[in-house]
Amino acid sequence: KMTDLIITKENQGVFTITLNRLNKKNAINNKMYKQLSQYFNYAKNKSTIHCVLIQGDKNCFCAGNDLQDFIECTQNDSLAALDFIKALNGFNKPIIAAVAGPAVGIGTTLLLHCDIVFAANNTKFKLPFTQLGLCQEAGSSLLLSRMAGQNRAFELLVLGNNFNAEQAKEYGIVNQVCQPDDLLSLANETALTIASLPNDAVITSRKLIRQATQQSLAQVIESEAQEFSRLVKTDACKEIMARFFNKK
C-alpha cells in the first residue's frame, strides 16, 4: 500500500499530525488537504484532545502546494486547500508547530494560525505567491501585517525572498529557534505541558487573544480566495506554471 501521506497519533491530550510525503518535501496535494481538514475537525470535536501538534521531520516541514496537483484541481475549482484554511481558522484549541527545512507558501501561512511555533535553525521560509502570478492566502494578508507590520508583510509576500528562522522569530512568526535534533522533542514537551493545563482556561484564553481578529479574518480569507481563483486563471499565471513544468 502507499505510505500514509499524513500520520496521526494521540497521546496524553496531544493530537500529533505528521506530514509524511518526504520524497516530495511534504508538498500538500488535494488528498492531503482533505485529510488535514478531517483531522482538524476530528480534533476539534474530540473532548480528550486538548492540543494539536503539526510537524514534518527535523529536516523538512512543507514545500507548499503540490503544483502539479494544484494545476489539475484549479481547473475544476475544487480547492480543498480553502476547506483546510477554514478548518484551521475555525479551530478552537491550541496548535503547536514544529518547522524545519523548507516552509514554503502554505508551509509558512498555516503557521500564522498556530499558537506556538518552534523552528529549527535549518528552516528556509518563502512566500513565492507573486512569482507564480498569484496572491497570498490563508488570511496571511491580515495575520502577517499584524505580526510583522504592513511594510514587512509587503516585502515578504510581494518580493517573496527567502528568510531564515531568526528573521521569522524577529517578525513574530516563530516563538523559539532551536537545533534540528531538539525540534520535535521540544515541540512535543510544550504540547504536553499545554494539554495538561486546565482545558477550559486554556481554550478561553486562546479565544480572548484571538477575538479582535476573528471576524475580520474570515472576511480576509474569503477575499483572498476570490482573488486567488481569479489570478490562477490569468495568462500570466498559466505561462509561469507551464514554464515551471517544462523545466522539470
Side-chain angles (χ1 to χ4, degrees), residues 19 21 24-38 40-41 62-91 102-114 125-163 171 173 210 213-248:
L19 303 176
R21 195 190 183 202
K24 297 277 189 200
K25 295 184 178 163
N26 288 339
I28 304 180
N29 61 20
N30 234 39
K31 185 184 167 195
M32 289 166 77
Y33 275 122
K34 285 182 179 140
Q35 283 182 323
L36 284 167
S37 299
Q38 283 163 3
F40 271 93
N41 289 327
C62 173
N65 269 320
D66 179 324
L67 285 181
Q68 184 75 58
D69 187 74
F70 178 71
I71 295 306
E72 288 160 19
C73 292
T74 44
Q75 271 139 24
N76 54 23
D77 249 352
S78 71
L79 273 187
L82 186 57
D83 293 333
F84 166 58
I85 287 159
K86 288 179 175 170
L88 206 52
N89 185 38
F91 197 68
V104 181
I106 187 77
T108 293
T109 56
L110 80 80
L111 303 176
L112 307 176
H113 294 265
C114 297
F125 297 89
K126 190 175 173 62
L127 296 162
F129 299 109
T130 58
Q131 283 117 316
L132 296 168
L134 295 166
C135 66
Q136 65 275 24
E137 33 68 326
S140 54
S141 311
L142 175 65
L143 295 173
L144 195 56
S145 299
R146 259 196 53 191
M147 283 174 188
Q150 209 167 290
N151 289 20
R152 182 73 74 192
F154 181 90
E155 180 190 330
L156 300 179
L157 290 166
V158 177
L159 281 177
N161 295 333
N162 282 329
F163 55 105
Y171 305 154
I173 298 167
R210 290 165 177 258
T213 325
Q214 205 58 45
Q215 255 181 324
S216 37
L217 188 53
Q219 289 166 342
V220 170
I221 288 170
E222 284 299 336
S223 321
E224 286 172 345
Q226 281 173 8
E227 297 291 5
F228 195 98
S229 53
R230 178 183 69 79
L231 285 165
V232 88
K233 298 181 178 84
T234 60
D235 294 342
C237 180
K238 285 176 181 163
E239 279 163 28
I240 292 163
M241 295 292 182
R243 278 206 303 274
F244 183 86
F245 291 115
N246 292 339
K247 267 195 304 204
K248 285 198 161 177

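What you see below is based on every heavy atom in this structure, not just the backbone, and it leaves out hydrogens, waters and symmetry mates. Start at 1 with the first residue, then count along the sequence.
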Anything under 3.5 Å between a donor and an acceptor, one on a side chain of residues 125-132, the other on a protein residue two or more places apart or in another chain? List them.
{"residue": "K126", "atom": "NZ", "partner": "G160", "partner atom": "O", "Å": "2.7"}
{"residue": "T130", "atom": "OG1", "partner": "V158", "partner atom": "O", "Å": "2.6"}
{"residue": "Q131", "atom": "NE2", "partner": "L159", "partner atom": "O", "Å": "3.4"}

Side chains of residues 142-150: which donor-acceptor pairs under 3.5 Å do they make with residues two or more places apart or in other chains?
{"residue": "S145", "atom": "OG", "partner": "S141", "partner atom": "O", "Å": "2.6"}
{"residue": "R146", "atom": "NH1", "partner": "T213", "partner atom": "OG1", "Å": "2.1"}

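In this structure, N29 contributes its side chain and D66 its backbone to no donor-acceptor pair below 3.5 Å. Checking side-chain atoms of H113 against main-chain N and O of A138 turns up a donor-acceptor pair under 3.5 Å. Counting only distance, with no hydrogens or angles, the side chain of N41 and the backbone of S37 share a donor-acceptor pair below 3.5 Å. Looking at K34, its side chain never comes within 3.5 Å of a backbone N or O of N30 through a donor-acceptor pair.
When all heavy atoms of L19 and C62 are compared, the pair lying nearest together is CD1-CB, 4.0 Å. Considering every non-hydrogen atom in both L157 and S140, the closest pair reads CD2-OG, 4.1 Å. Here the closest non-hydrogen pair linking F245 and L67 is CZ-C, 3.5 Å. Looking at every heavy atom in both residues, A63 comes nearest to K24 through CB-O, 4.4 Å. Closest of all the heavy-atom pairs between R21 and M32 is CD-SD, 3.7 Å.
Rounding to the nearest 0.5 Å gives a distance of 11.0 Å between CE of M241 and CD of Q68. To the nearest 0.5 Å, atoms CD1 (I106) and CG (L88) are separated by 7.5 Å. For the atom pair OH of Y171 and CD of E155, the computed distance is 5.5 Å after rounding to the nearest 0.5 Å. Here L156 contributes atom CG and I173 contributes atom CD1; the two are 6.0 Å apart, rounded to the nearest 0.5 Å.
Judged as a salt bridge (charged side-chain N to carboxylate O under 4.0 Å, His left out), and not counting sequence neighbours, D83 has no contacts. Residues meeting the salt bridge (charged side-chain N to carboxylate O under 4.0 Å, His left out) test with E239, sequence neighbours left out: none. With sequence neighbours excluded, the residues satisfying ring pair (Phe, Tyr, Trp, His ring centres under 6.0 Å) with F91 are F40. With sequence neighbours excluded, the residues satisfying salt bridge (charged side-chain N to carboxylate O under 4.0 Å, His left out) with K86 are E222.
Using a 4.5 Å heavy-atom cutoff, the side chains of F228 and L82 are not in contact.
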Original post:
Should Q136 and T109 be marked as a side-chain contact (heavy atoms from CB on, under 4.5 Å) after you check the CA-CA gap, both sets of side-chain angles, and the distance that decides it?
Top reply: CA-CA 9 Å; Q136 65 275 24; T109 56; 5.6 Å; no
